[in-house]
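The next block holds one structure in the form of structure tokens; read it before the comments.
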Amino acid sequence: MSTPTTPTSAHPDSAPATLVIAVDGTSGSGKSSTCRGVADRLDLAYLDTGAQFRAVTWWMLRAGVDVHDAEAVAARADEPQLVSGTDPLAPTIVVDGEDVSGPIRSDEVNAAVSPVAVVPAVRARLLELQRGIIAATLAEGRGIVVEGRDIGSVVWPDAPLKLYLTADPSARAARRSAEEGGSDVAATEQSLLARDAIDSGRTTAPLVRADGAVEIDTTPYTLEQVVDQVSALAAGARGPGVVEARP
């Protein structure tokens with residue numbers, strides 16, 4: 001395992017302009033906050049692939065689809081039209097013209113996203129969308145930070161910088177509880193562990209540490225310290241990444 005042990009100063013001006021930073025990891029490990037912070041500091045675009053899965057789940061629920069019926073979900077996976085905003089300071093997700101950035105964080109969606117996310121048809125549809133967004137961003141001469149569960153292993157395995165963020169389960173639960181306004185920490189921890197088990201055990205694109213990924217245990221660090229570490233790693237990344245989407 002390769003983990004920076006001390007925060008270092010970042011040199012954003014030296015980071016390649018079209019760098020792809022692929023960030024995977026466990027729920028509650030600080031992926032979203034870290035990715036947004038790094039993207040803002042290095043003037044990179046930002047893509048939250050988890051929001052896309054949540055958006056599809058929200059659409060399925062609103063359409064009355066039984067999210068536990070994989071065939072029913074697969075049959076309608078191509079219907080919702082998604083647009084992901086890539087501004088790290090104000091990321092958005094629009095479904096059929098409606099901004100659902102707030103609704104996708106509801107308890108109802110939280111409870112339903114895992115069974116939707118494991119459906120291969122959903123993953124295939126979103127994989128194409130994700131690769132297209134990354135390729136288009138690079139073609140514009142800008143880099144991007146992409147977070148999710150299978151970015152370095154499946155979505156963009158050629159990323160010059162791959163990270164795997166994790167943290168102690170109790171710390172992850174405390175963070176997520178605070179984000180949710182003080183939900184029960186013990187229950188939150190069990191929910192996070194259950195989500196990790198589902199994502200790690202699924203057949204299609206399971207949660208894994210990608211080959212060559214730098215693992216960072218965020219437990220002892222502040223958000224700013226983790227952003228420092230990742231920004232420093234980005235400054236040392238070599239090569240502009242791949243600018244063409246793979247078929």
Side-chain angles (χ1 to χ4, degrees), residues 1-27 29-52 84 86-89 91 127 129-167 199 205-246:
M1 179 176 81
S2 177
T3 304
T5 55
T6 56
T8 55
S9 297
H11 301 283
D13 292 341
S14 64
T18 52
L19 176 67
V20 176
I21 304 178
V23 184
D24 299 305
T26 55
S27 296
S29 58
K31 292 194 306 295
S32 295
S33 298
T34 297
C35 289
R36 291 196 301 268
V38 170
D40 179 45
R41 182 180 295 186
L42 302 184
D43 193 27
L44 303 175
Y46 162 72
L47 177 60
D48 178 2
T49 64
Q52 294 176 331
S84 294
T86 59
D87 181 351
L89 297 182
L127 173 61
L129 177 62
Q130 292 154 10
R131 286 178 172 173
I133 292 170
I134 297 169
T137 303
L138 295 178
E140 293 171 355
R142 191 180 188 194
I144 188 168
V145 182
V146 188
E147 68 154 298
R149 299 284 204 160
D150 62 347
I151 310 306
S153 58
V154 175
V155 176
W156 211 262
D158 295 324
L161 178 57
K162 303 177 190 178
L163 303 172
Y164 186 85
L165 269 56
T166 187
D199 288 346
L207 168 65
V208 295
R209 177 186 170 191
D211 290 342
V214 176
E215 183 170 337
I216 301 178
D217 184 339
T218 65
T219 305
Y221 301 120
T222 65
L223 172 60
E224 189 68 16
Q225 289 172 328
V226 178
V227 171
D228 284 345
Q229 291 180 15
V230 176
S231 298
L233 289 168
R238 298 181 180 276
V242 180
V243 298
E244 297 292 334
R246 291 173 298 279

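If you read the sequence from its start, that first residue is 1, and numbering goes on from there. Computation of the quantities below employed the complete heavy-atom set of this structure, encompassing side-chain atoms and omitting hydrogens, waters and symmetry-equivalent molecules.
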Can you measure from [atom1] ([X]) to [atom2] ([Y]) and round to the nearest 0.5 angstrom?
{"X": "I21", "Y": "I144", "atom1": "CD1", "atom2": "CD1", "answer": "10.5 Å"}
{"X": "Q229", "Y": "L165", "atom1": "CD", "atom2": "CG", "answer": "9.0 Å"}
{"X": "I151", "Y": "L127", "atom1": "CD1", "atom2": "CG", "answer": "9.0 Å"}
{"X": "I134", "Y": "L129", "atom1": "CD1", "atom2": "CG", "answer": "10.0 Å"}
{"X": "L89", "Y": "D40", "atom1": "CG", "atom2": "CG", "answer": "4.0 Å"}
{"X": "S231", "Y": "L42", "atom1": "OG", "atom2": "CG", "answer": "4.5 Å"}

If I compare all heavy atoms of [X] with all of [Y], which pair ends up nearest, and what's the gap?
{"X": "V20", "Y": "A159", "answer": "O-CB, 3.7 Å"}
{"X": "S29", "Y": "A167", "answer": "CB-N, 4.2 Å"}
{"X": "G143", "Y": "T137", "answer": "O-CG2, 3.8 Å"}
{"X": "R131", "Y": "W156", "answer": "O-CZ3, 3.9 Å"}
{"X": "R209", "Y": "Y164", "answer": "CA-CD1, 3.6 Å"}
{"X": "G152", "Y": "D24", "answer": "N-OD2, 2.9 Å"}

Side-chain contact test, heavy atoms from C-beta onward, threshold under 4.5 Å: evaluate it for [X] versus [Y] and give yes or no.
{"X": "R142", "Y": "D43", "result": "yes"}
{"X": "K31", "Y": "T218", "result": "no"}
{"X": "E147", "Y": "T34", "result": "no"}
{"X": "V155", "Y": "T49", "result": "no"}
{"X": "V145", "Y": "P88", "result": "no"}
{"X": "S33", "Y": "L223", "result": "yes"}
{"X": "V227", "Y": "R41", "result": "yes"}

Residues at least two apart in sequence or cross-chain that pass side-chain contact (heavy atoms from CB on, under 4.5 Å) with E140, listed by chain then number, are none
One pair to check against side-chain hydrogen bond (donor to acceptor under 3.5 Å, both in side chains): E215 and T166. What are the steps and the verdict?
CA-CA 7 Å; E215 183 170 337; T166 187; 5.2 Å; no
